[in-house]
Structure formats: C-alpha cells, structure tokens
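Read the numbers this way: they start at 1 and go in the same order the structure lists the ligands and their atoms.
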Amino acid sequence: MTTNTCKGCTRNVIIKREEIEHILTKHKGDEQLIVSNDVYHLRLDTCKACSSLMYGTTCSYSGCLVEYRAKFTNKKCPSPNGSKW
Ligand code: SF4
C-alpha cells in the first residue's frame with residue numbers, strides 16, 4: 001500500500017504550492033541565486049516527465065523538493081545518468 005509519508009518521519013510528503021512559496025520568500029532579493037522564470041519552468045517540466053520524481057514533488061536522487069531545488073542557479077539535476085538540467 002502506498003502512503004504519502006516520509007520514510008524517515010511521519011511528515012506528509014505532499015506539499016502545497018503555498019508552502020513552497022513561503023519557503024522561497026526567504027530568498028527574495030537574492031536575484032543572483034535565483035534562475036529566471038523561463039529556466040525554472042523548463043526545469044520543472046523536465047522533472048515532471050522524469051521517472052525519478054516521487055509523489056509529484058520529490059527527486060529520488062537528491063531527496064529535495066524539485067520546486068525548491070529548481071529555483072537556484074547553483075543547483076543541478078543529480079541524475080546519475082547525467083544531469084537533465
Ligand atoms: S532533478 Fe533530475 S533526476 Fe531528479 S526528478 Fe528532476 S529531472 Fe529527475
């Protein structure tokens with residue numbers, strides 16, 4: 001049976017857009033750290049089509065929320081088969 005809870009804790013792994021937006025407000029003003037909206041959406045589209053995306057939110061390689069990780073210029077896709085972005 002599939003659950004939506006993290007294996008390491010009991011937190012629900014399904015995260016709402018408002019929660020992502022709240023986390024990202026900490027980086028408002030860090031324009032050099034944040035990719036353009038076009039790049040961000042290209043990255044997310046790649047993740048959404050990737051078989052390594054779990055729960056529609058989390059990369060199975062990094063364990064990161066892709067909607068968060070994809071925002072940053074210094075982050076890359078961690079796929080062992082070659083970075084997809
Ligand atoms: S970061 Fe890379 S490996 Fe992870 S879900 Fe996105 S495209 Fe797939």
Please collect all side chain to side chain donor-acceptor pair (under 3.5 Å) contacts where either partner lies in residues 66-77, sequence neighbours excluded, each pair once.
-> Arg17-Glu67, His27-Tyr68

Around atom 2 (Fe) of ligand 1, number of protein N/O/S atoms which are nearer than 2.8 Å = 1

Mind jotting down which residue pairs meet the side chain to side chain donor-acceptor pair (under 3.5 Å) criterion with at least one end in residues 37-48? Sequence neighbours excluded, please.
-> none

Can you tell me how far CD of Glu18 sits from CD1 of Ile23, rounded to the nearest 0.5 angstrom?
-> 11.5 Å

Quick check: does any side chain N or O of Ser60 sit under 3.5 Å from a backbone N or O of Ser52, one acting as donor and the other as acceptor?
-> yes

What heavy-atom pair brings Ser79 and Tyr61 nearest, and what distance separates the two atoms?
-> CA-CD1, 4.0 Å

Hydrophobic side-chain clustering at under 4.5 Å (ILVMFWY, transitive links): who's grouped with Leu42? Put none if nobody.
-> none

